[in-house]
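Before any comments, here is the structure.
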Amino acid sequence: MEIIHVSAECYPVAKAGGLGDVVGALPKYQTDAGHVSKVVMPMYRTKFLLNNDWDVVHKGYTNLGAYWFPYTIIKERTNKLGFDLYLVDIYGLLDRERIYGYDDDSQRFTAFQIAVVDWISSWKHHPDILHVHDYHAGLIPFMVKYCYRYQHLQNIPTVLTIHNAQYQGWMGWDKSTFIPAWDPWKRGMLDWKEAINPLASGVKCAWIVTTVSNSYLDELRQSANGLEALFQFEKGKCYGILNGIDALVWDPASDKYIDNHYSVKNFREGKKRNKKILCETFDLDESKPLIVFIGRLVGEKGADILAAAIGDSYFYIGRLMNFLVLGSGFPEIESELESLKTLSQGDYNFYSGYNESLSHLMYAGADFILMPSRVEPCGLNQMYAMRYGTVPMVRNTGGLRDTVIDFGDERGYGIRFNHAIIGDVTQAVWRAVDLFGNELKLESIRSQIMQLDFSWESSVKQYLDLYKTLT
Ligand code: ADP
Ligand code: GLC
């Protein structure tokens, strides 16, 4: 099968979170399974672009409403990622350093999708599957079905994977002219509550919709940032497929970002050495348990209660643990976490920003990873952490529920709590401190989690089985 993934992110080209990791890995494992899997994404001005060699494979000219623009498709020359990688260059719209966060994101991503469909429409053959990810590619199923000039593509099966339904890409109806002339009877296929909603449109028009865990799919019917009724209505074509992790990138025995490698055979020493580096770098106390948070500092991740929960833990439990936070996001949350540094007694630190190599060292050197997420469609951090022998402390939601069993339950290995509230987090911290004191138990949990299988193989098979029902 020839599968075309369309996405705003793909690791290591450009990554803001888990979407990048997934799109950087899934096609590789689909290729390993004997298929032709390709990725098309915007050509941002990232390091990866500058450090690699490219061939121009197509030049086109298309329009975003009245604005006509040239676009170029380039392909990475050496198959470095293990699959064909194509970038779409649109001068003035995609040639930026960051992925998101610009005022004209609607124009940027709509133009990107038009260029992708335009390019595919120039091919002599049709791919077997168009697999689009999140709202940034959510208009494609509509375009291939209902835009007059792409009518010949309408039989290509489309699959939409929802990594995060909080972000839907809403646009006012004044922007409807951006989309190449379409059948006006199909207005309802773009609309949700009087706005163009690219994610809702994707759910309506894609042949199949997947979410990145089963529990998240269940939750979307109750809570989907306004799309609940749509997920109830479209229940029949929605499937939950848990993400895997790229075991080649995330392996404590060979991780290129850490110096002290280890495996399940010698994790005691290995983790200790990594923890030492972390504690020396961030002025923390090696003898105490190290609890880390890595992620976007937004309400979705429960980051707004983090500073208060850390403060309360010190107050109610005592200064028995270290906290180290890595992340960037809302300025108010960043400044709360920054201020907390003044209260540190060599047991708290905060690194503000995005730092790939530090995140790897933290997975390796930490004892526990805290994820008080309000919404977590899958969550990769807890799976990475477990591969590195770091015990997850997670809220009972979405993919966290599907991947972490509380150590109080049969065959359990993590710490789970029910609410994203300060009290629940503090109690989880208390349980972590207690577990840290029980060396035998902690070591058996570490050895157990390092051996859990979160590899891509089974998810790849589930995707392929779904594709087969369409082709
Ligand atoms: P999400 O995609 O919602 O942000 P995931 O758990 O799926 O959450 O994936 C987050 C990914 O982004 C992980 O690879 C994590 O290590 C990484 N990450 C998040 N914030 C940072 C940061 N500040 N620095 C480095 N890596 C980060
Ligand atoms: C999203 C979700 C996260 C998931 C990731 C990859 O960003 O927030 O939970 O792991 O996508 O699917």
Side-chain angles (χ1 to χ4, degrees), residues 5 7-12 14-26 99-100 131-137 160-168 199 209-217 219-220 224-225 240-246 249-250 255 257-258 292-303 306 324-330 333-334 337 349-364 366 369-388 390 392 394-395 397-404 454 456 459 463:
H5 291 275
S7 169
E9 298 179 34
C10 173
Y11 176 83
K15 162 177 164 183
L19 170 64
D21 285 346
V22 170
V23 177
L26 173 60
I99 305 174
Y100 315 111
H131 190 150
V132 303
H133 296 263
D134 274 353
Y135 89 80
H136 328 101
L160 165 71
T161 292
I162 299 178
H163 297 260
N164 199 330
Q166 293 299 107
Y167 306 96
Q168 300 170 5
L199 190 76
V209 176
T210 69
T211 62
V212 288
S213 72
N214 270 312
S215 289
Y216 184 55
L217 178 57
E219 287 168 11
L220 285 176
N225 205 4
I241 301 182
L242 191 71
N243 289 328
I245 61 173
D246 192 336
V249 175
W250 298 93
D255 189 320
Y257 293 106
I258 61 173
V292 299
F293 174 98
I294 301 169
R296 296 182 288 121
L297 300 177
V298 295
E300 228 179 276
K301 299 283 178 195
L306 206 54
L324 177 60
V325 177
L326 162 64
S328 60
F330 277 109
I333 303 181
E334 287 192 23
L337 290 163
N349 219 326
F350 167 51
Y351 181 104
S352 155
Y354 187 93
N355 188 326
E356 190 74 30
S357 67
L358 175 58
S359 75
H360 285 245
L361 180 62
M362 286 170 72
Y363 290 116
I369 187 162
L370 176 62
M371 300 179 73
S373 307
R374 290 199 177 78
V375 183
E376 197 61 85
C378 175
L380 299 171
N381 294 16
Q382 79 281 11
M383 296 195 263
Y384 296 150
M386 288 193 269
R387 187 108 208 273
Y388 287 69
T390 297
V394 304
R395 187 178 158 239
T397 187
L400 299 175
R401 184 206 301 267
D402 294 355
T403 51
V404 178
F454 292 116
W456 267 107
S459 320
Y463 278 115

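Computation of the quantities below employed the complete heavy-atom set of this structure, encompassing side-chain atoms and omitting hydrogens, waters and symmetry-equivalent molecules. Just follow the structure's listing: the first ligand is 1, and inside any ligand the first atom is 1. Model, not experiment: these values are computed from the prediction.
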Taking 4.0 angstrom as the limit and counting only heavy atoms of [X], give me the atoms of ligand 2 inside it, by number and element.
X    : result
G18  : 5 (C), 6 (C)
N164 : 8 (O)
V22  : 6 (C), 12 (O)
V212 : 12 (O)
G379 : 3 (C), 4 (C), 9 (O), 10 (O)

Exercise. Should C378 be counted as touching ligand 2, given the test is an N or O pair under 3.5 Å?
Worked result: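 Checking ligand 2 against C378, an N or O pair does fall under 3.5 Å apart.
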For this session: Using distance alone, determine whether H163 and ligand 2 share an N or O pair under 3.5 Å.
Result: yes
Expected rows: ligand 1 N/O, protein N/O, dist below 3.5 Å:
from     : atom 1 : to   : atom 2 : distance (Å)
ligand 1 : 2 (O)  : G18  : N      : 2.5
ligand 1 : 3 (O)  : R296 : NH2    : 2.8
ligand 1 : 3 (O)  : K301 : NZ     : 2.7
ligand 1 : 4 (O)  : R296 : NE     : 2.8
ligand 1 : 6 (O)  : L380 : N      : 2.9
ligand 1 : 6 (O)  : N381 : N      : 3.4
ligand 1 : 6 (O)  : N381 : OD1    : 3.0
ligand 1 : 8 (O)  : K301 : NZ     : 3.1
ligand 1 : 9 (O)  : G18  : N      : 3.1
ligand 1 : 14 (O) : K15  : NZ     : 2.8
ligand 1 : 14 (O) : D21  : OD2    : 2.7
ligand 1 : 16 (O) : Y363 : OH     : 2.7
ligand 1 : 23 (N) : G353 : O      : 2.9
ligand 1 : 24 (N) : N355 : N      : 3.0

For this session: May I ask you to identify, for L19, whether its side chain, its backbone, both or neither come under 4.0 Å of ligand 2 on a heavy-atom basis?
Result: backbone
Problem set entry | Residue portion contacting ligand 2 (non-hydrogen atoms closer than 4.0 Å) for N243 |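 Side chain only.
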Exercise. Listed by chain and number, what are the side-chain hydrogen bond (donor to acceptor under 3.5 Å, both in side chains) partners of Q382, not counting sequence neighbours?
Worked result: T403
For this session: Considering heavy atoms of the protein only, find what lies nearest to atom 9 (O) of ligand 2 and give residue, atom and distance to 0.1 Å.
Result: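 Protein heavy atom with the smallest distance to atom 9 (O) of ligand 2: E376 OE2, 2.4 Å.
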Exercise. With Y354, which residues qualify under side-chain contact (heavy atoms from CB on, under 4.5 Å), at least two apart?
Worked result: K15, E356
Exercise. Which of parallel (below 30°), tilted (30 to 60°) and perpendicular (above 60°) describes Y388 and H360?
Worked result: perpendicular
Problem set entry | Derivation of the side chain to side chain donor-acceptor pair (under 3.5 Å) call for D246 and Y11 | CA-CA 11 Å; D246 192 336; Y11 176 83; over 6 Å; no
Problem set entry | Residue pair Y363 / D255, side-chain donor-acceptor N/O under 3.5 Å |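 The criterion, which ignores hydrogens and geometry beyond distance, is not satisfied for D255 and Y363.
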Problem set entry | Donor on one side chain, acceptor on other, S352 and S328, under 3.5 Å | no
Problem set entry | From CD1 (I369) to OH (Y384), nearest 0.5 Å | 11.0 Å
Exercise. Can you list every salt bridge (charged side-chain N to carboxylate O under 4.0 Å, His left out) pair that touches residues 372-382, not counting sequence neighbours?
Worked result: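 Qualifying pairs: K301-E376, D304-R374.
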